[in-house]
Amino acid sequence: MSDDASATGPSATDPGTPGVGGGWPLIEGWARATLSPRGPTLWQTLNHRSACLSCAWGTGGQHGGFRDELGEPLQRCLKSVEAIMAELQPAVGEGVFGRRSLAELQQLSSLEADRLGRLSHPMLLREGGSHYEPIGWDDVFAIAEAAFRAPPERVASYSSGRSSNEAAYLLQLLLRAMGSNNLADCSDLCHAPSTVGLNAVFGSGTSMVSLASLQQADCVVLVGSNAPANHPRLMNELIKLRQRGGTVIVINPVLEVGLLRFGSPAFPLRSMPRGSEIASLFLQPVPGSDTAVFLGLQKALLEAGAVRRDFLAAHAEGWEPLLEQLEATGWEAITATCGLSREELEHAAAVIARSRAVVFAWAMGITHHANGTDNVQAIANTALLSGNVGRPGAGTMPIRGHSNVQGFGSMGVTVKLRAEMQQALEQLLGRPLSRVPGYDTRALIEAAADGRVESLLCLGGNLWGANPDAAEARRALGRIDTILYLATKPNQGHFHGLAARQTLVLPVFNRFETPHRTTTESGNNYVRLNEPGSTHLRGADLISEVAFLAELARRLMGSDPIDWGRLQDPAYVRELIGRTVPGYGPIATIDATREEFSVEGRLFDAPRFPTSTGKARIAVTPLPALSLPEPEHFGGLPAGEAGLVLALITARSYGQHNTVVYKPGDAYRGMPHRQTILMNRTDLRRAGLVAHQRVTVQGEAGALEQVEIIPGEIREGAALMFYPEVNAIMKAVIDPRCGTPAFKRVPVLVRGPLAAGHDG
Ligand SMILES: Nc1nc2c(c(=O)[nH]1)N[C@H]1C(S)=C(S)[C@@H](COP(=O)(O)OP(=O)(O)OC[C@H]3O[C@@H](n4cnc5c(=O)[nH]c(N)nc54)[C@H](O)[C@@H]3O)O[C@H]1N2
Ligand SMILES: Nc1nc2c(c(=O)[nH]1)N[C@H]1C(S)=C(S)[C@@H](COP(=O)(O)OP(=O)(O)OC[C@H]3O[C@@H](n4cnc5c(=O)[nH]c(N)nc54)[C@H](O)[C@@H]3O)O[C@H]1N2
Ligand code: SF4
Ligand SMILES: [Mo]
């Protein structure tokens with residue numbers, strides 16, 4: 001731990017790594033992009049009235065490209081630029097797919113696949129074919145129509161949260177009208193534990209904190225989030241919070257440099273020169289132990305007499321058994337599980353207790369665990385025990401991933417459809433929806449592997465690359481008859497995730513190019529209106545996602561029971577959304593009003609929740625039992641080799657968006673290329689390995705060779721590698737409550753020749 005992080009922080013990292021997150025490399029990045037040949041189009045796009053493509057923090061829309069929902073200026077980050085620049089690439093060169101065989105395309109790295117350029121024409125790969133070949137839209141629709149006439153339980157979709165609300169709504173309406181609930185979505189691999197956990201506690205599965213409310217907090221507890229890389233604008237809020245005297249408690253096994261200090265171009269004079277201090281207190285727990293951390297914080301609150309019993313009595317139920325659990329659980333059990341000291345936990349609890357309004361925020365470090373849903377509930381319980389929900393400046397705030405992933409959930413792209421929306425859809429369609437439970441993403445892979453899926457429509461994303469055990473994913477997808485990939489750019493999934501009979505790759509407009517208006521929802525429940533745009537791709541044959549889905553539905557169902565042809569009109573789609581999606585009423589008239597809005601019923605200014613009693617429902621969260629297998633589990637250590645078993649965190653570098661790599665290195669963590677593993681120096685000494693040695697990293701599904709060891713500020717017993725490459729070697733335990741893989745605690749054996757001079 002570093003109390004007052006400035007004392008121990010940056011200087012402790014390897015020489016050569018920056019001591020500040022953000023900072024001048026951001027300015028250089030903007031300058032490089034601006035001066036490139038695509039610079040003018042980049043700036044046009046940045047100023048276009050549409051939401052940023054990249055993360056769900058949300059920027060842009062009707063307020064203008066650079067403004068947030070409060071109208072504050074300068075709210076775009078370099079990640080936004082990276083995402084736009086990738087979309088502004090020229091089309092994949094003419095004849096590239098004709099010349100390059102599938103075998104060659106399969107050799108491409110993620111970065112190389114992305115750098116092929118934008119998809120511009122529909123393509124088909126036939127069974128046994130060696131090349132993707134061009135195909136016309138009429139033939140595409142004929143194939144798609146035939147494929148989706150399969151029995152409803154044998155059709156499925158997968159989606160990624162970049163598309164619009166309108167496309168998402170049509171996708172689920174199409175599948176549900178056909179009688180299928182198989183609506184797998186990237187959120188199954190992401191924040192599903194947040195949705196399930198928060199729904200269990202509060203009856204609402206999203207953030208209860210708006211941007212305006214966050215600005216009233218005097219303490220933020222930031223857990224399992226690398227916001228400097230993945231939600232850079234949140235850093236501005238943390239800088240402002242510190243400047244008004246507030247406290248930031250960071251909980252993360254990795255001492256991420258940008259969480260210690262961050263230089264933000266939004267504050268050129270105050271923050272850029274040396275960076276602003278972010279963490280007031282940094283706790284480095286064992287990966288996967290956050291429930292223990294929060295039980296420790298709750299126990300410390302209880303022992304300090306800081307549990308708000310009056311608040312609990314009035315606004316919560318089920319809290320008595322939790323207090324009993326806290327009394328019955330010894331400090332020894334808590335500290336042995338999470339690896340933090342009692343003093344550290346008591347200190348952090350005291351900060352929470354004396355703060356006026358605390359926001360608890362988290363990302364994948366919390367959800368990517370076998371007990372991810374418990375982790376979320378343990379956080380929610382802590383917020384309740386300390387009285388930090390249901391008033392401005394306080395509450396629970398999952399930091400969502402993709403820029404419209406939350407909109408997909410609101411639109412009903414989920415296997416856990418809320419009763420209210422189910423009823424509304426049944427009324428709209430005039431018949432009951434199927435009661436057969438749908439496949440979430442992991443269930444989809446299993447069903448496909450068993451030969452139970454015939455046709456799959458992928459609305460964006462990279463289903464192959466996002467799943468653990470790449471060989472298993474490839475085999476599973478290979479048993480599906482027909483796969484349709486709607487995408488803006490090629491990715492490795494289009495070359496490895498191939499169907500048995502036919503695979504189609506279909507080019508779509510991205511958000512700022514779509515020729516009609518669309519909407520998106522941010523992680524803080526703010527619905528943005530995106531204006532129509534146009535594409536720079538001359539002579540390209542792109543389709544809008546709404547047009548594609550409405551036409552497929554019309555061919556399959558005509559006007560039964562609704563006029564699917566009319567759904568080509570996005571304003572009509574919005575009308576239906578307004579009628580059937582809870583909290584979305586204002587969208588029905590947004591074309592006329594142009595007024596963006598917060599989804600109704602999500603932000604709580606008073607401690608009354610949408611549960612049957614209006615009270616929050618506290619449930620006990622069990623202390624996790626964490627252990628790692630012995631080397632023998634991986635076949636043991638060969639003679640002459642040193643090594644050890646570690647809990648591997650698989651995460652994003654500073655230069656990628658999910659499975660799409662933009663830049664190979666990660667300067668902030670001192671990892672110069674992607675074949676690296678971040679390890680603690682004590683572990684290296686203990687195992688007899690040395691810095692920069694090339695080792696084998698062996699997981700339960702395979703091994704990666706020649707991986708360079710990078711020593712760094714990561715907790716003992718833990719290591720970090722980059723996804724998606726590492727998905728080739730790992731299997732993942734699944735959180736049984738939501739189907740999310742434990743991507744952040746993967747057992748691996750790290751082994752290599754015993755370092756000279758080490759006696760084992
Ligand atoms: N630039 C950029 N922006 C993105 C994305 C991107 O790839 N690139 N992806 C988008 C998406 S879909 C998502 S979901 C988000 C992801 O945003 P993040 O969740 O910030 O991304 P990860 O890289 O998965 O990093 C998780 C962090 O959790 C920490 N961690 C790991 N294990 C544990 C643990 O057991 N406990 C705790 N407390 N911490 C832990 C890691 O050290 C790391 O700092 O970002 C979104 N925004
Ligand atoms: N080991 C490990 N695995 C992980 C994770 C991890 O931390 N560790 N993180 C998980 C998480 S949080 C997530 S969210 C998933 C991400 O999984 P996905 O969402 O499936 O993957 P992405 O890489 O975001 O998908 C990128 C592709 O989307 C397409 N695309 C981009 N914009 C558009 C658009 O507007 N429309 C359409 N139709 N297509 C578009 C492009 O073709 C691009 O190549 O990965 C998960 N997998
Ligand atoms: S923080 Fe997220 S939404 Fe805001 S500009 Fe950066 S990538 Fe876009
Ligand atoms: Mo995600």
Side-chain angles (χ1 to χ4, degrees), residues 53-57 77-80 82-83 86-87 110 113-114 119 158-164 167 185-191 222-232 250-256 259 283-290 293 362-369 375 399-405 441 458-468 485-494 505-511 513-514 545 647 649-660 662 714 718 720-727 730 732 740-741 743-746:
L53 300 174
S54 189
C55 87
W57 188 254
C77 75
L78 188 60
K79 297 296 155 188
S80 179
E82 273 178 359
E87 295 291 332
S110 164
D114 193 65
L119 293 165
Y158 170 76
S159 46
S160 167
R162 270 233 190 149
S163 308
S164 62
D185 184 71
C186 70
S187 58
D188 303 331
L189 307 175
C190 183
H191 262 297
L222 184 69
V223 204
S225 152
N226 188 23
N230 299 320
H231 302 90
V250 176
I251 304 178
N252 196 318
V254 181
L255 208 65
E256 305 282 15
L259 294 174
L283 305 176
Q284 269 186 286
V286 169
S289 74
D290 295 84
V293 175
W362 67 89
M364 297 301 105
I366 280 297
T367 61
H368 281 166
H369 289 293
N375 281 341
I399 312 168
R400 298 275 164 179
H402 275 294
S403 54
N404 193 37
V405 66
T441 303
C458 290
L459 187 62
N462 178 355
L463 180 59
W464 172 78
N467 268 281
Y485 289 113
L486 274 72
T488 56
K489 299 173 299 165
N491 64 47
Q492 288 179 305
H494 303 150
V505 177
L506 309 175
V508 297
F509 293 107
N510 65 35
R511 184 172 303 153
E513 296 168 336
T514 300
E545 293 167 324
I649 295 170
T650 68
R652 292 151 179 78
S653 74
Y654 279 74
Q656 71 183 80
H657 192 96
N658 295 340
T659 69
V660 180
Y662 295 140
I714 182 167
L720 180 145
M721 287 178 79
F722 299 136
Y723 126 86
E725 292 87 341
V726 73
N727 286 5
M730 61 173 283
T740 304
F743 288 124
K744 297 290 188 273
R745 192 181 162 84
V746 179

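Computed from a prediction, not measured in an experiment: that's the story for all the values here. All heavy atoms count here, side chains included; hydrogens, waters and symmetry mates do not. Atoms within each ligand, like the ligands themselves, are counted from 1 in listed order.
A donor-acceptor contact closer than 3.5 angstrom is absent between the side chains of Glu82 and Ser54.
Between Tyr485 and ligand 2 there is no heavy-atom distance shorter than 4.0 Å.
For ligand 2, the atoms lying closer than 4.0 Å to a non-hydrogen atom of Asn491 are 27 (C), 42 (O), 43 (C), 44 (O). Within the listing of ligand 2, atoms 41 (C), 42 (O), 44 (O) sit less than 4.0 angstrom from a heavy atom of Lys489. Those atoms of ligand 2 with a heavy atom of Val508 less than 4.0 angstrom away are 36 (N), 37 (C), 38 (N). Interface atoms of ligand 2 facing Asn462, defined by a heavy-atom separation under 4.0 Å, are 18 (P), 20 (O), 21 (O), 25 (O). Listed by atom number, the atoms of ligand 2 under 4.0 Å from Leu486 heavy atoms are 37 (C), 38 (N), 39 (N). Against a heavy-atom cut-off of under 4.0 Å, Ser163 is close to the following atoms of ligand 2: 36 (N).
Closest non-hydrogen pair, Tyr485 versus Gly493, comes out as OH-O, 3.7 Å. Residues Thr740 and Leu189 come closest through the heavy atom pair CG2-C, 3.9 Å. Here the closest non-hydrogen pair linking Ser289 and Pro285 is OG-CB, 3.6 Å. Across every non-hydrogen atom of Asn727 and Asn467, the tightest pair is ND2-O, 3.2 Å.
Between Arg511 and ligand 2, a contact under 3.5 Å exists for no N or O pair. Any N or O atom pair closer than 3.5 Å counts here, and Asn510 shares no such pair with ligand 2.
The distance between the ring centers of His402 and His191 does not fall below 6.0 angstrom.
Taking Thr514 as the reference, nothing meets the side chain to side chain donor-acceptor pair (under 3.5 Å) condition, with sequence neighbours excluded. Take Ser187 and apply the side chain to side chain donor-acceptor pair (under 3.5 Å) test, not counting sequence neighbours, and it matches Asp185. By the ring-ring contact (aromatic ring centres under 6.0 Å, His included) test, Trp464 is found to be paired with His496, residues two or more places apart in sequence or in another chain being considered.
Protein residues with a heavy atom under 4.0 Å from ligand 1 are Cys55, Lys79, Cys190, Val223, Gly224, Ser225, Asn226, Ala229, Asn230, His231, Ile251, Asn252, Pro253, Val254, Glu256, Pro287, Gly288, Asp290, Ala363, Met364, Gly365, His369, Gly401, His402, Ile649, Ala651, Arg652, Gln656, His657, Asn658, Lys744.
In this structure a side-chain-to-backbone donor-acceptor pair under 3.5 Å is missing from Asn230 to Ser225.
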